[in-house]
Amino acid sequence: MHEIIVNIQSSKAERYEELLPQISSLIGGEADLTANLANVSAALKEAFGFFWAGFYMVGPAAAGREEQLVLGPFQGPVACTRISYGKGVCGSAWKEGRSIVVEDVELFPGHIACSSLSRSEIVVPLDVPGRGIIGVLDIDSTEVGTFDEVDRKYLEKLCRIICESVK
Ligand code: SME
C-alpha cells in the first residue's frame, strides 16, 4: 500500500523533510516517468493542499512549429495545455534554466493566468544531466506570497530526485 504521511502540525521545512524520502521510495520502484509525475503531483497536493501542482513537459508543437511546454500530470483545476518558450512563469523558467518564485502573479509581466484564482506561484525546471530541461514543476496558490526560499530549496531537491530517476 502506498500512502503519504506528513504531520500537518510540522513546519513547512519539516513537512518537506518528511515528504521527500517518501517520494523517493514511491518513484524509485517505477521506471515510467508519467506514472511517477502523476504520483508526485498527488503527493504534493496531499501533503500541502496546494491549489494546483503539476508538470509541463517539453514536447513538439503542433504543425511542425518549435518545441513548447505541454500540460503533463497534475492535480487541481483544468489548466492551459501549451506554453511557448520564454512565455509566462513556466516558459521563463524553461528559457532561463532556473527556478522562479512569484510572490504576486499580478506583478510578474507575462504571467499566464490559467485560473483567475491563482495569486502566487513557483516553477522549477526538470534538468536531466546530459539531456537538459525536459519539463517544469509548477505549483500555484490562491494566496499571495505562499512560496519562499524554503519551497525553492526543497522543490529543487525534489526535481533532482525526479531527474535522477529518468532513464
Ligand atoms: N501561470 C503559469 C501557467 C500555468 S498555470 O499556472 C497551471 C505561467 O505563467 O507559466
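For clarity, every value in this text was computed on a predicted model and none was experimentally measured. In listed order, ligands and their atoms are each counted from 1.
Which parts of ligand 1 touch Asp138 is read off a 4.0 Å heavy-atom cut-off, strictly below it: atoms 4 (C), 5 (S), 6 (O), 7 (C). Each of the atoms 7 (C) of ligand 1 lies under 4.0 Å from some heavy atom of Trp52. Near Val89, the atoms of ligand 1 lying under 4.0 angstrom from a non-hydrogen atom of the residue are 8 (C), 9 (O), 10 (O). Taking every heavy atom of His111 and a limit of under 4.0 angstrom, the matching atoms of ligand 1 come to 1 (N), 9 (O). The atoms of ligand 1 that sit less than 4.0 Å from any heavy atom of Cys114 are 3 (C), 4 (C), 5 (S), 7 (C). Distances below 4.0 Å separate heavy atoms of Gly88 from the following atoms of ligand 1: 9 (O), 10 (O). Atoms of ligand 1 found under 4.0 Å from any heavy atom of Cys90, numbered from 1 in the order shown, are 8 (C), 10 (O).
Legend: residues meeting side-chain contact (heavy atoms from CB on, under 4.5 Å) with Leu158, ordered by chain and number and at least two apart, are Leu20, Ile23, Val40, Leu44, Leu137, Leu155, Ile162.
More than 12 heavy-atom neighbours from other residues, nucleotides or ligands sit within 6.0 angstrom of CD on Gln75.
Ligand 1 has an N or O atom lying under 3.5 Å from an N or O atom of Asp140, backbone or side chain. For ligand 1, the polar-atom distance check finds no N/O of Cys80 at less than 3.5 Å from any of the ligand's N/O atoms. For a threshold of 3.5 Å applied to N or O pairs, the pair formed by Lys87 and ligand 1 contains no separation below that value. Residue Glu121 has at least one nitrogen or oxygen atom sitting less than 3.5 Å from a nitrogen or oxygen atom of ligand 1, judged on distance alone.
If you look at Val105 next to ligand 1, there are no close heavy atoms at all, none under 4.0 Å. With a 4.0 Å cut-off on non-hydrogen atoms, Phe74 does not touch ligand 1 at all. Under 4.0 Å from ligand 1, the heavy atoms of Ile83 that appear belong solely to its side chain.
Residues Leu126 and Met57 meet the side-chain proximity criterion, which asks for heavy atoms closer than 4.5 Å. Side-chain contact between Leu33 and Val166 is present, with heavy atoms from C-beta onward closer than 4.5 Å.
In summary, the aromatic rings of Tyr16 and Phe48 are positioned with their centroids under 6.0 Å apart. Under the 6.0 Å cut-off for aromatic ring centres, Phe50 and Phe74 do not qualify, their centroids lying 6.0 Å or more apart.
Using modelled atom types, one finds a donor on one side chain and an acceptor on the other under 3.5 Å when comparing Glu17 with Tyr154. Ser99 and Glu156 share a side-chain donor-acceptor pair at under 3.5 Å. At a cut-off of 3.5 Å, with distance as the only test, a side-chain donor of Glu121 or His111 sits close to an acceptor on the other residue.
The protein atom (non-hydrogen) at minimum distance from atom 1 (N) of ligand 1 is Ile112 O, 2.7 Å.
Applying the salt bridge (Lys or Arg N to Asp or Glu O under 4.0 Å) test to pairs two or more places apart or on separate chains, none has a residue in residues 129-144.
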